[in-house]
Amino acid sequence: MKERVRAILLTTDGTMLVINRIRPGIPPYQVLVGGGIEPEDADLEAALLREIREEIAGEAVNLHPFCRLQNDKSETEHFYLAQILAWNFDDRTGPEFTCDDRGEYLLEEVPLTVEAVDALNLMPPQIKDALLDAIRAGNLTVPVA
């Protein structure tokens, strides 16, 4: 079974970063930064830090497990809370950005409010529910070491 890692990247401005995916023939949707674990990754956190560097040329700190879910492809997805210190979407290097048939990837900052998160078409849908629960409970804050 394939495992994936994803980051709920919280900014010091009280927002989180999402990637808007625009693909031909399907409604736009959002995903959190992350991807598959590679054989050279030492562990889940190393895989996630690599994905953050590839996808948004970012540096994250204070990674803490948030939840683990099964997606609709029967893959296990490990979600982490993290603080994003810096990013530069123009310097991304992931292999998905070189394929013309993959559609668009647009980075967006989303306020950490019920209204803003509820308006997203966030995939997988279970993470949206988990985020909304955490926001309502007041538990979605920037993690500290």
Applying side chain to side chain donor-acceptor pair (under 3.5 Å), name anything that partners Asn121, two or more places apart in sequence or on another chain. none
Backbone N/O of Gly36 and side chain of Lys2: donor-acceptor pair under 3.5 Å: no
Taking all atoms of both residues into account, what is the closest heavy-atom pair of Leu122 and Leu131, and its distance? CD2-CD1, 3.6 Å
State which residues pass side-chain contact (heavy atoms from CB on, under 4.5 Å) with Thr76; sequence neighbours excluded, sorted by chain then number. Met1, Glu3, Arg68, Gln70, His78
Just so I know, are the side chains of Tyr105 and Asn20 near enough to count as touching, which here means a heavy-atom distance under 4.5 Å? no
Quick one, Val18 with Val110, criterion side-chain contact (heavy atoms from CB on, under 4.5 Å). Give me CA distance, side-chain angles, the key distance, then yes/no. CA-CA 7 Å; Val18 299; Val110 176; 3.6 Å; yes
Across all chains, not counting sequence neighbours, the side-chain contact (heavy atoms from CB on, under 4.5 Å) partners of Leu112 are Leu10, Met16, Leu140
Student check: side-chain heavy atoms of Val114 and Leu132 closer than 4.5 Å: yes
By salt bridge (charged side-chain N to carboxylate O under 4.0 Å, His left out), which residues pair with Glu59, not counting sequence neighbours? none
Any chance you could lay out the side-chain contact (heavy atoms from CB on, under 4.5 Å) test for Leu85 and Val61, step after step, and finish with the verdict? CA-CA 7 Å; Leu85 299 177; Val61 296; 3.6 Å; yes
With sequence neighbours excluded, tell me which residues meet side chain to side chain donor-acceptor pair (under 3.5 Å) with Asp13. none
Strictly by salt bridge (Lys or Arg N to Asp or Glu O under 4.0 Å), give each pair with a member in residues 69-88 just once, sequence neighbours left out. Arg4-Glu75, Arg6-Glu77
Distance, nearest 0.5 Å, that separates CD1 of Ile26 from CZ of Arg21: 7.5 Å
Donor + acceptor pair across side chains of Arg23, Tyr29 (<3.5 Å): yes
Over all atoms of both residues, closest heavy-atom pair of Ala7 and Leu32: O-CB, 3.4 Å
Pairs where residues 35-47 contributes a residue and the test side chain to side chain donor-acceptor pair (under 3.5 Å) is met, not counting sequence neighbours: Asp41-Arg50
Hey, does Tyr80 have a side-chain heavy atom less than 4.5 Å from the side chain of Ile8? no
Show the numbers, then the answer: is there a side-chain contact (heavy atoms from CB on, under 4.5 Å) between Asp118 and Lys128? CA-CA 7 Å; Asp118 196 40; Lys128 178 178 172 178; 3.7 Å; yes
Could you pull out all residues at least two apart from Pro111 that satisfy side-chain contact (heavy atoms from CB on, under 4.5 Å)? Thr113, Ala116
Quick one: does Phe79's side chain get under 4.5 Å of Val5's, heavy atoms only? no
With sequence neighbours excluded, residues passing side-chain contact (heavy atoms from CB on, under 4.5 Å) with Ala60: Leu9, Leu49, Ile52, Leu63, Ala82, Ile84
If I take atom CG from residue Leu17 and atom CZ from residue Phe89, how far apart are they, to the nearest 0.5 angstrom? 9.5 Å
